[in-house]
Amino acid sequence: YSQEAPKKVTIGMAIHGTDNEYWNQEAEGGKLFAASLPAGTAEVQVLTCDGDDAKQLNGIKALIAAKGKDVILYVDPSNAPNTAAIAEVCEEAQVYWVSVWHLAKGLDPTKYKYYVAHSSVDGFTQGYQIANAMFKTFKTPGQGKILALQGMLGNDSAVERYAGLQKALEENPGIELVDTQVADWSPQKALTITETWLAKYPDIDGIWCANDGMALGAIQALKAKKLNGIVKTCGVDGVSEAIKAIEDGDMVCTVANNGFLQGGYMVAYAYAAYTGKIDPAKLPFEKRLFLTKAEYVDKNNLEEYKKAFMSGTPTYDFNNLDYPIAGPFTLKK
Amino acid sequence: MPKIDLKKSVNYLSAVSIIVLVGVFSAINPNFISAANIKNILSDVAPILVMSIGVTFVLLIGSVDLSVGAICSCACVMTGTWFSQMGNWVIPLVLLYGLLAGALNGVIFTKLKIPSFIVTLSTMSIWKCVALLISEGAPQGIPLELWPSLRWIKHSFWSIPIVFAIGLVVLGLHYVIQRQTIFGKSVFAVGANERAARIIGLDVLNTKMFAFVLSGLGSALSGVFFALILKSSLPTIGDQLVLVAMAAVVLGGTALTGGKGSVLKTLLGVVLVLVIQNGLNVVAVDAFWQQIVFGALIIFAVYLNADKGGRGVIIK
Amino acid sequence: MGQHVTVAEEFSAKINEERRKARIIDLAPLGIFLLMTILMSIFIEGFFTVSNFISILNQIASPLVLAVGLTFVIVLGSIDLSVEGVMGFTGSIITLLVLNNKTPYDLGVWGILLSVLAGTLVGVITGLLHVKLRIPSFMVTFGVASIITGIGILSYRGRPASVLEPMFVDISQGTVFGIPYLTWFAFLVCLIGYIIQEYTAIGKHVFAIGENESILRSTGINVDRIKIIVFTWCAFCASIAGIFGAIRLKRGEVIIGYGFLFYTITAVVVGGTSLSGGKGGVLQSLVGVFIVTVIQSSLILLGVNPYVQSAIQGSIIILAVALTVARGKKFIIK
Amino acid sequence: MDKEILFQVNGLGKKYNGTTALENIDMEIYKGEIVGLIGENGAGKSTLLRIIAGVEQPTAGTMQMHQKPYVCQNPIQANKMGIGMVFQEQSLIKNLTVSQNIFLGRESGYKKLGFMDWQAMNRDAQAALAAIGIEQIAPEKKVMSLTYSERQMVEIAKVFNMVGGKLGGGAVILLDEPTSVLNDTEIQQLFAEVERMKSDGNTVIFVSHRLDEVLHICDRIYIFKDGENAGVMNKQDATEQILYEKMVGRATTGEYFKIHRQTIPRHEVVLEVKQLGQRGAFKDVNFTLHKGEVLGIAGVVGSGKENLCAVICGDEDYDTGEVLLKGRPTRFSSPADALRAGILSVPKERREEGIVGILSIVENISLSNLKRLSQNGFISQKKQQATAQEWVAKLDIKCSGIKEHVEYLSGGNAQKVVFARAIFSATDILILNHPTRGVDVGAKEDIYHVIRDLSAQGIAVILLGDTLDECIGLSSKLLVMKDGVVLKEFDCPADHKPSQVDIVQFMM
Ligand SMILES: Nc1ncnc2c1ncn2[C@@H]1O[C@H](COP(=O)(O)OP(=O)(O)OP(=O)(O)O)[C@@H](O)[C@H]1O
Ligand SMILES: Nc1ncnc2c1ncn2[C@@H]1O[C@H](COP(=O)(O)OP(=O)(O)OP(=O)(O)O)[C@@H](O)[C@H]1O
Ligand SMILES: NC(=[NH2+])NCCC[C@H](N)C(=O)O
Ligand SMILES: [Mg+2]
Ligand SMILES: [Mg+2]
């Protein structure tokens, strides 16, 4: 083909899978950004990994092999340590990339030329936040017994959010965590476990769930015993059904991770570096690593939230790269 | 006898599927057969290959080993976690672990006479637990400052990554075991007709035992590979590999019913699976469609390999 | 020579002993189940309560239905890895067909029938691919599992629908004698499976195929047809389980099937059905499902550390099976 | 006899990609006769029967029944037309009941409201068994709990029943080596039934390697050689000698059991058994086995001889007494253990215990002695193949090459492979359990030669003969067992063999 044609960039969106609303939002965010570019200059390719580090790395290498340097990557890492391996691959291939959520311990993106930016949502804070909110809704606020449903063992988000719960428990000595189980993010498992629990702990005040899916499973078990709304639940993610559950009073709160925003803006960072609009080396630390906003949602701000996010896809001005920066990020040592 | 040779070549029909797929993929995107991508595929193949080779022997005796994924995870975690203290010396230790884990399967299987499916399902859950305990439930990266001592894993001879080269050596060893040792011959006899194997005077119990040991060893090596390539300890890395490894072995042409197959065929099976996986990304199949296309291609590939000769042969 | 006991007498004594042993071994899973139930009732707080039994009966519905289908496939000597996929697929599309928050359809009962039909059709295709293309069932169902999961996800494009259909609430919360409707329905499916197994020619042919397929072929029996029927039946059962999942969760996504494959195979094998075919049956699987479910729910009740839970479950299963297998010198175990 | 032609075969041929199993076969079969079919192993007998029974399709030629063209796609069609076959290898489903087996594939007659009426089926099965004079087998029993000979009777009952509707109308019943697993009483029972079928106007085609049986019961005898029709004789014109010559293509070389080559056992005792007993099988068995000796054990099925062998070769355990190997007490934990000590058995159930069907001849021959073929722990492919080649030639194993899978060999040739392996294993003691079952006369002679060679080398043999004749002819000492105990011991020197009558009186 001719040299004159504008270079077409492939935006690789490395997400976990297509079977979850949030992950699809990330991919959609990438597509929103691509749509904001002149037609024909960018295409989006979605890579899935199902939580498997090897599959994620292999997919990224395959994409780079297929498209050469005209690739930019958005990575929602299967696990934190994978960012280090990906950083190495991208550095060698000279491919600009960004990551979200997790960062390998000891990895400092600003030491890399092609690792443009990393943004995260603070899983620890999320777990902490929903726990505190839930405790406040108990008959005697701050007093009661709770159960906890954790996400998949060995998964970063699961670990972080659970640590958040632990901190909340420390600060609320009136709350007793009577039991905790792992439901692997699965509503089905959450349903089963909750059913069993309800046989043993009929007088429970709340169930802390590490994500909305599990909370929704637990709610079905509660509904069968007509305990929904009486036993409080909470989750993280902000999937549409959880919002509905909050509206119905079955759930106390959730923290909505805004996939559109993360996907769209982070890709915008990578693209800006790719086109030379920004030089990562010259950006200060806090503009390369930052926390993005997660929307805490409960009964009080439900309507606002729905207006902003649920009726249609949000629109963003991707030229304003500072927009998603909501707080400072600290590197784990 | 040319006739026999022809028959034999039919045994390696998976090669045809590979060639067909490589052809299709490279027609869609010529970069598929670029040196870089071939290198990608080969290094992706290595960990699954070493695991599948061991699994081949277990399937050859007609049993199953569901614990390979968990042993792999556990090995990956051990390597990743202890690398900071032991450096590369952790590798032999982890291989020893794999050997013992395989032997444990073998002992429970042969001494307690419990179906292998149950034995390995149970040890799978035990090793999963151990992996989580060692890693304290979360994936840990190998500290960046230690990376220099891991450089060797990225070495490659021309376009052949060192991991694949090691995989080939392992394959070669197993091929010799399969063809030229008493154990190898016994494996086939035990798988094809255990009653006869016993009467013939073969050591059935040790054969079974050894098959599980090899499977454990291979899985541990694959865990080591994952830890070194991904530079982290991942307690769930093996979860999805059990079915993938078994599928690759069967795709190569080794029968689940035992007694028929070869580790060489396993190489083809593994390559086939990873060519499909890699190809789907290289030719940019939509994510929503990837699983669908993957499944369809697998069925198509097995169909190409299926022995259409003997209608009398029973397919289970 | 002139002893009191002749060899013939010894022989009949021995045969009787063996028969007795065989009967005990056949009943062993049931014994283990009862023993476990007793021990757990004594030692686990909250186990011996009506509400716990109901919760166990509640949980048993989906795996039981799956196990009834899978039993036939395993007795054939084949395997079906696609049950999770079919379950997720049916459980997803049904939520799009009844009153829901995503699509305009409101087909009610017809939606249920339609999705069961679709799921069952997958079984027909699996069976056809297996016997016509002569691909081992392991591989066909491995492929089909991937395809059908993909189609399931595609059907709702990653954003699961939630069910608004009031019938679902009624079904999931309705009980007879305190036992949920769904569990009754699962028992019904189990009964149908048992009747097929014991009182139809096909049921017997399935066992015969597992034992020695070539004899059936040379008798002129249409073995292929039977296999297709069995895979269809299995997919039918998986579809029912998918519907159960959707009814219980009021939400359709493919992951409602995840984890059920090994759960169910384990239950079938623990019950006494051999993976090499020809042996076992629906009632055995019923017991197996109870054993595995009771273990699982006890570990939850005990509040065992989730890390260690699966390891304990594994060890108990080994012990349980160790007590139930015949272990002669010549006994062949694969 | 009115010579009404019932079934006709014209120019029939069968090729299996490459190998010719049958070529240009012509046969005429009359109503109400018993036709014998003999031939060496692999001569094509089973193939012909399978084609007639609809299991396989011919590649050339035509068939006619009642002067009308007979084309048959499957055995059920054949049954409807009045043709039924008892297969050479057992064809019952072990986990089904006797009645379910008898009516396998014909269940539709027993449906009541869509469900099976097992009672009705059991009643009919009882009747089917009674029709051939069998009362002691309960139709609701699972086949796996039956003995082999009971299973054979069930198979025969099944086939008789399947073509039963045609009784009097001229049915064809094909029996492929039905007697090879039956004892004498059962054989007599079978023959009586065959005669009855014949007198009802049916035809029986009877395949056997026991020429005396064939001469006893058949009216005419077809002889096959290498897939071709080598002649047909009337019973009156035939003798064992003539039949033998026709099928083998050469005359018998001297007397049958090579008695002139029988050696006198050496003095050295290799195995001694004292008061040996296994609960419910046998007890108080004593004997000594010398170097170079052939120790025959005679007895009907169930006399305990099979279990005795199983104990000696390490497959089963004993409960009382002791086994002394070269003077040392031993207890084998497995056949592998016994093999290390120098004992190996040639099992009776060839398909199940003797061969590994999906492996090649090469592998099957070498499996018991891989050590001998290895150097530094690695097996030499060359040696392995050379060995196989040697044995294929020595025992005249008919095959398309040494890489052929043993499952594709005829029954007799498969047995030769098993035999080759046993000898090649170079053990001190061989247990030969029906070593010539289903082996043709020519090959039998080869095997007898080999047995004599073995004794000459000093190898001790424990023999459970396929026939009593064989047992007497080959052995130098003979134990007679009945109901689990040794009733009598005979010396069988080459010049002074006991007669069958002497022995049978202790067996029955
Ligand atoms: N399915 C087959 N494929 C290839 N060759 C076959 C097949 N069946 C039979 N043959 C060939 O046909 C020949 C005749 O076999 P057949 O079984 O009819 O012999 P037979 O006379 O019954 O021998 P035996 O006395 O050993 O039972 C054999 O040499 C064999 O090689
Ligand atoms: N599937 C097959 N493929 C190739 N050859 C076969 C197959 N099945 C059978 N044969 C051939 O058919 C022949 C007949 O086998 P079969 O066991 O029926 O012989 P037979 O006449 O009963 O011999 P014997 O008297 O030795 O028992 C064998 O020689 C064998 O080579
Ligand atoms: N892939 C298989 N189905 N293999 C068969 C394993 C059978 C094994 N003996 C069991 O019962 O567990
Ligand atoms: Mg024959
Ligand atoms: Mg024969």
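Order of the sequence lines sets the chain letters (A, B, ...), proteins ahead of strands, with each chain counted from 1.
- To the nearest 0.5 Å, atom NE2 of residue D:H405 and atom NZ of residue B:K260 are 7.0 Å apart.
- The minimum heavy-atom distance linking B:I200 with D:S368 is given by the pair O-OG, 2.8 Å.
- With a 4.5 angstrom heavy-atom cutoff, D:L359 touches chain B only via side-chain atoms.
- Within the model, atoms CD1 of D:I358 and CG of B:N193 stand 9.0 Å from one another, a figure rounded to the nearest 0.5 Å.
- The two atoms that bring D:I379 and B:I182 nearest to each other are CD1-N, 3.7 Å, heavy atoms only.
- Looking at D:L339, only its side chain comes within 4.5 Å of chain B, counting heavy atoms on both sides.
- For chain B, the nearby part of D:I355 is the backbone; its heavy atoms alone come within less than 4.5 Å.
- Open room surrounds NZ on D:K371; 12 or fewer heavy atoms of other groups in view lie less than 6.0 Å from it.
- Between B:D203 and D:R340 there is a side-chain heavy-atom pair separated by less than 4.5 Å.
- A distance-only check finds a donor-acceptor pair linking the side chain of B:R198 to the backbone of D:D315 [under 3.5 Å].
- Applying the side-chain contact (heavy atoms from CB on, under 4.5 Å) test to B:Q180 and every residue at least two apart in sequence or in another chain returns B:V176, D:F378, D:Q381.
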For B:I199 and D:E352, run side-chain contact (heavy atoms from CB on, under 4.5 Å): C-alpha distance rounded to whole Å, both residues' side-chain angles, the deciding distance at 0.1 Å, then the answer. CA-CA 10 Å; B:I199 297 291; D:E352 284 169 26; over 6 Å; no

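- Annotation: maximal heavy-atom pairing with chain D below 4.5 Å, among B:S186, B:G201, B:A197, B:G184, occurs at B:G201.
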